[in-house]
2 protein chains.
Amino acid sequence: MPGPLDQLTIETQPSPALSATVVPAIRKMITTGVLAQGVHLREAELATALGMSRGPVREALVELEREGLVVLRRHRGAQVITLTGADAEEVYTLRRALERLAVERACGRLTPDHLAALDVVLDRMRQLAPDYSPELAVDLDLEFHDVLVDAAGHARLERSWQQIRSQIAMFLHDRHQARRDFHEIAHPEHLAIRDIVAAGDVGGAIATIDNHLVGAFDRLRAARTEPLPADD
Amino acid sequence: MPGPLDQLTIETQPSPALSATVVPAIRKMITTGVLAQGVHLREAELATALGMSRGPVREALVELEREGLVVLRRHRGAQVITLTGADAEEVYTLRRALERLAVERACGRLTPDHLAALDVVLDRMRQLAPDYSPELAVDLDLEFHDVLVDAAGHARLERSWQQIRSQIAMFLHDRHQARRDFHEIAHPEHLAIRDIVAAGDVGGAIATIDNHLVGAFDRLRAARTEPLPADD
DNA sequence: ATCTCGTAGATTGTTAACAATTGACTTTCG
DNA sequence: CGAAAGTCAATTGTTAACAATCTACGAGAT
């Protein structure tokens with residue numbers, strides 16, 4: 001039963017997060033381009049910079065490899081991934097397969113909380129200033145799809161989604177830096193997805209998300225400049 | 001250019017595999033039931049048993065968690081996963097989404113080598129003795145689908161497949177131990193998949209793999225006995 | 001001058017010891 | 001006798017040193 005001490009999470013941090021605290025930090029640096037593609041990451045260097053030992057850094061790099069942000073080669077260390085057009089094609093075909101499943105399930109399981117979360121994101125999209133930062137646009141875009149995946153109630157789908165999510169962030173970052181047409185395209189399309197999922201129309205929802213993702217990939221390809229092969 | 005020394009891989013082992021050599025070992029013990037569901041795995045115990053330190057064992061457990069074979073809880077160590085009917089539903093809905101994409105792409109990319117590999121597996125299925133071991137049946141079944149995934153030429157799809165492959169093995173193990181109807185059902189269905197993929201009929205291939213997986217899930221559910229909650 | 005081979009430096013893979021946290025047992029009080 | 005708090009052993013998280021491996025640079029031969 002609820003008591004007066006329920007809000008005392010100040011002192012007892014739920015779990016003094018293991019050194020996977022560094023994963024979000026490095027991830028952000030990669031997805032926002034602070035760490036350029038192809039850059040070589042040295043364990044010792046990162047460890048001293050983050051004020052910890054090589055052990056946790058090592059585990060963090062394994063996690064980042066799982067997300068496809070770095071490649072690990074034996075005795076050669078970690079390197080920030082260099083994404084090509086072929087990679088974009090892979091990510092978006094897999095993304096289509098996963099999100100089709102997501103909305104299919106979300107149609108029958110969407111709770112009021114999920115719907116409210118979608119509306120909050122949509123509202124923040126609507127209020128976005130014309131000269132929005134790419135980072136914010138990427139965050140909002142992904143947050144919307146996060147809610148859809150969460151609404152599917154499918155732990156393994158969620159994990160597969162996490163596996164390409166960061167790479168999608170990298171592509172979107174490039175795309176929104178090249179063209180600021182979030183209001184004209186992304187917002188109305190996301191709104192349409194919300195409406196048809198909320199209506200529970202499974203077939204329509206799948207078709208809508210499919211169309212959204214195909215279009216997203218096309219715009220991506222149009223905005224994309226192939227990165228030069230990194231020398232380090 | 002090709003030379004006479006190309007086959008000298010005897011001495012120069014491509015890469016003295018890191019201690020992820022233990023991952024297959026532990027994986028096999030879990031999928032075949034040697035390590036029962038719910039069993040608690042202690043790092044130090046495994047390390048001494050395998051003749052190495054805790055470091056590599058720790059990394060191996062992270063990898064096994066990625067495959068969904070164990071659950072890792074902070075300060076509580078690793079535990080062999082306990083698969084329920086809900087888990088089977090998750091695995092098979094995700095599997096459908098992934099394999100639909102796999103055959104869709106495989107239809108246009110199937111090389112003679114892939115086709116030959118499929119035929120080898122199918123032939124071994126055909127020659128399977130009536131009292132085959134569940135382990136062998138599971139291996140053949142998965143190997144067939146491995147080829148399909150490989151033929152798709154999609155690295156990220158491959159990774160997502162690896163993520164549920166071992167769990168599928170656990171389900172199949174139970175199923176083939178309960179009923180030995182590989183010849184009546186699995187072999188002809190796999191043969192049908194091979195034929196329609198080889199014919200390049202995308203729509204038909206998707207429908208066939210879909211039907212195969214829905215049926216597989218139904219048979220799984222019929223054969224499955226819910227495991228009792230493990231006390232350790 | 002170019003190619004090959006050997007050496008050196010740097011970097012990762014592995015090990016073993018130390019610190020922090022958890023869960024269970026014992027003890028104590030109502 | 002039951003419940004709550006304190007203590008302790010077991011286990012994981014982290015650190016730092018050691019060993020194995022790879023890349024790069026430079027000397028020597030062709």
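So you know, we letter chains A, B, ... as the sequences are listed, proteins then strands, and number each from 1.
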Novice: Determine, for Arg96(B) against Glu104(A), whether the closest basic-nitrogen to carboxylate-oxygen distance falls under 4.0 angstrom.
Specialist: no
Novice: Considering only residues two or more places apart or on different chains, which pairs with a residue in residues 77-102 of chain B satisfy ring pair (Phe, Tyr, Trp, His ring centres under 6.0 Å)?
Specialist: Tyr92(B)-Phe217(B)
Novice: Please determine if Lys28(A) and Glu135(A) form a salt bridge, counting it only when a charged side-chain N lies under 4.0 Å from a carboxylate O.
Specialist: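 Glu135(A) and Lys28(A): not salt-bridged.
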Novice: Within this structure, what is the CZ-to-P distance between Arg58(B) and dA16(C), rounded to whole angstrom?
Specialist: 16 Å
Novice: How many whole angstroms separate atom CZ of Arg42(B) from atom P of dA10(D)?
Specialist: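 Rounding to the nearest Å, CZ of Arg42(B) and P of dA10(D) are 11 Å apart.
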Novice: Please give, in whole Å, the distance from dT14(C) P to Glu43(B) CD?
Specialist: 15 Å
Novice: Under a 3.5 Å distance rule, please check whether Arg180(A) uses its side chain to pair with a backbone N or O of His176(A) as donor and acceptor.
Specialist: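 Confirmed, Arg180(A) side chain pairs with His176(A) backbone.
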Novice: Rounded to whole angstroms, how far apart are CG on Leu72(B) and C1' on dG13(D)?
Specialist: 12 Å
Novice: Using whole Å, what does the distance between atom P of nucleotide dT15(C) and atom CD of Glu59(B) come to?
Specialist: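 In whole Å, dT15(C) P lies 11 Å from Glu59(B) CD.
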Novice: Could you grab the distance from atom CG of Leu136(B) to atom CE of Met125(B), nearest 0.5 Å is fine?
Specialist: 10.0 Å
Novice: N/O contacts under 3.5 Å, protein versus nucleotides 23-25 of chain D?
Specialist:
from    : atom 1 : to       : atom 2 : distance (Å)
dT23(D) : OP1    : Arg76(A) : NE     : 2.2
dT23(D) : OP1    : Arg76(A) : NH2    : 3.0

Novice: Is there a side-chain contact between Arg27(A) and Leu64(A), using heavy atoms and a 4.5 Å cut-off?
Specialist: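 In short, these two side chains touch, coming nearer than 4.5 Å.
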Novice: Measure from the side-chain heavy atoms of Arg54(A) and tell me the nearest of dT14(C), dA17(C), dT15(D).
Specialist: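 Taking heavy atoms from C-beta onward, the closest nucleotide is dT14(C).
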Novice: Starting from P on dG23(C), measure out to NE2 on His40(B) and report it in whole angstrom.
Specialist: 10 Å
Novice: Base, sugar-phosphate, or nothing: which does Leu61(B) touch, judged by heavy atoms less than 4.0 Å apart?
Specialist: nothing
Novice: In whole angstrom, what separates Leu46(A)'s CG from dT14(D)'s P?
Specialist: 16 Å
Novice: Round to the nearest Å and state the distance from Glu65(A) atom CD to dT12(C) atom C1'.
Specialist: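 To the nearest whole Å, that distance equals 15 Å.
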